[in-house]
**Q** 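Structure in structure tokens, see below.
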Number of protein chains: 2
Amino acid sequence: MPATPRRVTQRDIARLAGVSQATVSLVLNNRADADVRIAPETRDRVLRVIAETGYAADPVARRLAARFNRIIGVFTYEPAFPSGSRDFFHPFLLGIEEYAERVGCDLLLFTSAPVVDGRRRIFHQDNRLRLADGCILLGQEIDGEELHRLNRDGYPYVAVGRRDDAGGPVPYVGADYATAVRRLVEMALDRGHRRLTYLGMGITAESSEDRRRGYLAAAAAAESARHRSATAADAETVLDDLLADRSTVAFVEDFATVVALERAARRRGLAVPRDLSLLSLGDPTVPVPTDLAFTGFRIPREEMGRQAVEVLARVIDGSASDVPQRLLPCELVEGDTLGTPGQAAGRP
Amino acid sequence: MPATPRRVTQRDIARLAGVSQATVSLVLNNRADADVRIAPETRDRVLRVIAETGYAADPVARRLAARFNRIIGVFTYEPAFPSGSRDFFHPFLLGIEEYAERVGCDLLLFTSAPVVDGRRRIFHQDNRLRLADGCILLGQEIDGEELHRLNRDGYPYVAVGRRDDAGGPVPYVGADYATAVRRLVEMALDRGHRRLTYLGMGITAESSEDRRRGYLAAAAAAESARHRSATAADAETVLDDLLADRSTVAFVEDFATVVALERAARRRGLAVPRDLSLLSLGDPTVPVPTDLAFTGFRIPREEMGRQAVEVLARVIDGSASDVPQRLLPCELVEGDTLGTPGQAAGRP
DNA sequence: CGTCACTGCTAATACGTATTAGCACGCCGG
DNA sequence: CCGGCGTGCTAATACGTATTAGCAGTGACG
């Protein structure tokens with residue numbers, strides 16, 4: 001492999017066309033301001049040479065001079081393409097890619113970020129954030145200190161998912177979990193449920209907090225509204241607990257857990273929703289085989305991705321008046337797992 | 001949003017540490033050659049200032065000066081994150097990301113490339129290829145002219161999947177379809193099959209050509225070895241055709257088609273592999289529901305992605321002696337759809 | 001005391017583009 | 001013939017980093 005032949009530059013074009021490098025740049029950028037004029041024949045000559053040589057501007061040099069790149073960074077706190085085939089990031093990326101394509105931006109995945117304590121770090125030696133004009137942050141839990149630093153540095157970014165303040169408000173495009181969960185609770189109350197249990201994932205992410213907040217706000221009207229954490233592996237003991245408490249409906253944050261619960265119930269001869277209603281608080285992020293349509297809501301992941309790019313573009317070009325924060329509504333899914341309490345009593 | 005405060009540069013560090021910008025650069029790059037020496041105390045002073053200010057080198061400027069970016073471009077001829085979870089690219093991207101992370105490179109997805117005639121184009125005005133040190137090309141069919149141009153420009157790239165010459169040999173990491181198909185044909189012949197049919201996808205991609213070549217090479221020993229194209233929608237007429245020809249085994253390129261064929265056979269009271277053997281020439285690229293384990297082979301997509309990055313890295317740093325071309329073996333899958341011909345005759 | 005080698009640093013320049021101040025020229029009006 | 005103005009372009013510079021030639025200072029050695 002021979003040393004890369006030096007690429008064609010504006011200087012080369014200039015020499016061939018008998019003009020200055022500046023003129024080439026002016027022609028390329030179609031400048032026609034009052035104080036910049038190029039004779040049509042000169043312009044044509046330059047354009048002809050450009051076409052002949054197949055010249056293409058070096059985006060790196062362009063960025064250094066112009067301060068903009070048309071590159072949008074994407075930082076994921078976990079690998080962007082996990083091996084589990086159905087993955088958490090995919091719908092977001094889909095939306096991000098779609099909108100990036102629309103606005104003519106390339107996407108830079110920060111795969112070079114080193115992993116410390118099982119999590120990628122944005123900031124490290126030889127930090128490369130500035131390669132992009134701005135950055136989209138993806139991940140369930142985002143490090144507060146890193147957000148602080150981003151804010152301090154004035155680096156343009158948008159988080160996907162609502163974030164608490166971190167040395168100032170954090171720009172985000174999130175999903176309105178609180179409202180969605182509140183609606184589900186109200187639906188359950190409407191159907192006559194009085195003893196509720198919320199089964200969280202036991203993590204401290206804002207997304208979890210918002211769901212819980214929505215639950216607590218609406219569940220005040222219930223006779224009993226408990227709250228505990230649960231995983232799929234716990235299914236058996238959790239089910240014991242639900243029965244002991246005479247809860248008639250459970251709001252389950254994690255999809256795998258709700259599937260495991262239903263299966264555990266079936267094994268004991270209990271039917272969903274006849275004997276127990278199960279609501280899912282978000283669609284699956286890992287592939288869990290089930291043929292049951294769970295009642296719950298859908299997270300507008302794709303749309304979140306799209307809007308994140310849109311918002312970021314405005315942060316970058318400075319047209320965002322203040323810190324943009326958007327919450328998108330979650331669509332309720334009418335499944336088959338919400339019934340009325342005491343349905344079982346009717347037919348013993 | 002206030003105007004971005006000017007970022008900290010080496011000049012700032014230099015001023016604060018009372019040295020020159022060059023010294024800062026030398027310290028940063030840990031230069032300790034014979035002809036470059038920095039006193040330990042000076043080095044420490046500079047490093048201290050760097051730590052205090054949180055300075056991070058501008059990767060754009062670095063690239064302009066150093067000619068390398070540690071950015072690997074990824075060009076996909078279709079959107080990288082397709083919506084019908086039909087994700088052809090995913091396993092490749094997974095391998096690419098994994099290896100990129102390992103070698104400390106970021107990944108640039110060329111989403112800005114415009115779509116003309118339903119296909120993205122690498123070359124267009126304001127072509128941004130040079131942002132990356134090199135590029136990985138993904139897509140079943142890759143435009144020959146664009147490969148020509150890449151070769152001519154001396155741009156470092158690697159195609160995923162074997163490619164025919166295009167104004168010179170094309171660097172690639174592909175799958176050895178020819179050998180895999182040949183093995184399957186030999187297996188079928190061993191089991192006593194004598195009348196074979198190959199069902200292709202009717203596209204001109206190299207991957208298709210290689211499968212067909214492997215088939216033709218090994219099928220010479222058969223009594224009848226036909227070749228035609230078929231899609232899932234054709235299943236019924238294709239089945240008629242197979243029966244009329246008394247073919248006992250079909251080699252099916254497209255996974256959806258093989259699934260449709262089996263279903264069509266079942267509808268007619270025929271069993272696979274008792275009455276007809278069906279071999280799949282590659283794992284699914286679209287999710288097709290089936291509970292049958294097809295005999296065939298698996299394409300090492302993830303490994304292809306990994307090795308593509310590895311090879312590209314060597315092309316970029318010039319350590320690839322000649323044009324690298326690798327074919328990875330496909331793992332044979334022992335499924336339940338290859339039987340012996342005339343199995344049915346035994347029990348009418 | 002001149003020469004030489006060695007140390008530790010800096011000045012200068014390159015990378016390729018974008019921008020801006022301003023030059024040279026021709027033309028017109030007075 | 002001079003001032004003024006519009007036209008069409010160029011020279012110079014900035015962007016932030018990497019590299020290299022070479023300078024000043026010091027000590028050793030003949």
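Throughout, a chain's letter reflects where its sequence line sits, starting with A, and its residues are numbered from 1.
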**Q** Classify the angle between the aromatic ring planes of A:His90 and B:His90 as parallel (below 30°), tilted (30 to 60°) or perpendicular (above 60°).
**A** parallel

**Q** Hey, is the side chain of A:Arg11 poking within less than 4.0 Å of OP1 or OP2 on C:dG16, counting only N and O atoms?
**A** no

**Q** Evaluate salt bridge (Lys or Arg N to Asp or Glu O under 4.0 Å) for B:Arg306 paired with B:Glu302, printing each intermediate quantity in order.
**A** CA-CA 6 Å; B:Arg306 268 194 294 268; B:Glu302 209 172 313; 3.6 Å; yes

**Q** Any side-chain N or O of B:Thr9 under 4.0 Å from OP1/OP2 of D:dG16?
**A** no

**Q** What I'd like to find out is whether the side chain of A:Tyr157 reaches to under 4.5 Å of the side chain of A:Asn151, using heavy atoms alone.
**A** yes

**Q** Within this structure, what is the CG-to-C1' distance between A:Leu64 and C:dA18, rounded to whole angstrom?
**A** 10 Å

**Q** Rounded to the nearest angstrom, tell me the gap between atom CZ in B:Arg31 and atom P in D:dT20.
**A** 7 Å

**Q** State whether the number of non-hydrogen atoms from other residues, nucleotides or ligands found under 6.0 Å of A:Glu145 atom CD is greater than 12.
**A** no

**Q** For the helix from C:dC1-D:dG30 to C:dG30-D:dC1, how many degrees between its two end axes (five pairs per end), to the nearest 10°?
**A** 80°

**Q** How many Å lie between CG on A:Leu129 and C1' on D:dG16, as a whole number?
**A** 17 Å

**Q** Could you list all N or O pairs between the protein and nucleotides 5-12 of chain D that sit under 3.5 Å apart?
**A**
| residue | atom | partner | partner atom | Å |
| --- | --- | --- | --- | --- |
| D:dG8 | N7 | A:Arg37 | NH2 | 3.2 |
| D:dC9 | OP1 | A:Thr42 | OG1 | 2.2 |
| D:dC9 | OP2 | A:Ala39 | N | 2.3 |
| D:dT10 | OP1 | A:Ser20 | N | 3.2 |
| D:dT10 | OP2 | A:Ser20 | N | 3.0 |
| D:dT10 | OP2 | A:Ser20 | OG | 2.8 |
| D:dT10 | OP2 | A:Thr23 | OG1 | 2.2 |

**Q** Could you state the atom-to-atom distance from CG of B:Leu28 to P of D:dA18 in whole Å?
**A** 7 Å

**Q** Would you call A:Arg163 and A:Asp165 a salt bridge, taking side-chain N to carboxylate O under 4.0 Å as the test?
**A** no

**Q** What's the CG-P distance between A:Asp12 and C:dC15, to the nearest Å?
**A** 11 Å

**Q** For A:Ala166 versus A:Gly144, what's the shortest heavy-atom pair and its separation?
**A** CB-O, 3.8 Å

**Q** My understanding is that only residues two or more places apart in sequence, or in another chain, count here; which of them pass salt bridge (charged side-chain N to carboxylate O under 4.0 Å, His left out) with A:Arg149?
**A** A:Asp153

**Q** Please give, in whole Å, the distance from D:dA18 P to B:Ile13 CD1?
**A** 13 Å

**Q** Could you state the CD-C1' distance from B:Gln10 to D:dC15, rounded to the nearest angstrom?
**A** 13 Å

**Q** Quick one: does A:Leu28's side chain get under 4.5 Å of A:Gln10's, heavy atoms only?
**A** yes

**Q** Which heavy atom of A:Glu310 sits nearest to which heavy atom of A:Tyr99, and what is that distance?
**A** CG-OH, 3.4 Å

**Q** Whole-Å distance between C:dG16 C1' and A:Arg62 CZ?
**A** 11 Å

